Engineer: 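Following this message is one structure expressed as structure tokens.
Computed over heavy atoms, backbone and side chain alike; hydrogens, waters and symmetry mates excluded. First listed ligand is number 1; within each ligand, the first listed atom is number 1. Owing to the predicted nature of the structure, the values given are computational and were not obtained by experimental measurement.
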Amino acid sequence: MSDFQLDQLKNGAPVKLEKNGKSICVVRVDNEVFAIDDTCSHSDASLSEGDVTDFKIECWLHGAEFDLRTGQALTLPANIALQTYSVDVKDNSVTVEI
Ligand code: FES
């Protein structure tokens, strides 16, 4: 069963998904969808409340940026990468693979 319909996801608007005991931040960028751990690697903040620019998401708490494609921490104060997850997009169905 899919997690979302693609047309439910607004471009650049993060959504939090709880799946298999994990909190995941899901972001649509044009017709691609990315999934990354929702909890910032710096402290306990939810990335799905952050802002997206291109392929970057910025943590709202202290401003660290992460690459949605790789999970890499791009700016301090975070310096630990986040886990990313494969996302299957078929027609209008979006499934995060965990
Ligand atoms: S909690 Fe995300 S940058 Fe500090």
Engineer: Going by heavy atoms in the side chains, are D30 and E32 under 4.5 Å from each other?
Structural biologist: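 Not in contact.
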Engineer: Quick one: name the protein N/O/S atoms under 2.8 Å from atom 4 (Fe) of ligand 1, chain by chain.
Structural biologist: H42 ND1, H62 ND1
Engineer: Any donor-acceptor pair under 3.5 Å linking the side chain of D67 with the backbone of R69?
Structural biologist: yes
Engineer: Please step through salt bridge (Lys or Arg N to Asp or Glu O under 4.0 Å) for the pair K56 and D54, ending with a clear verdict.
Structural biologist: CA-CA 6 Å; K56 289 185 294 192; D54 300 325; over 6 Å; no
Engineer: Taking the side chain from W60 and the backbone from A45, do they hold a donor-acceptor pair closer than 3.5 Å?
Structural biologist: no
Engineer: When you check the gap from the basic side-chain N to the acidic O, do K22 and D37 get nearer than 4.0 Å?
Structural biologist: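 A salt bridge is absent here (no side-chain N lies under 4.0 Å from a carboxylate O).
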Engineer: Does the side chain of T95 pick up a donor-acceptor pair with the side chain of D88 at under 3.5 Å?
Structural biologist: no
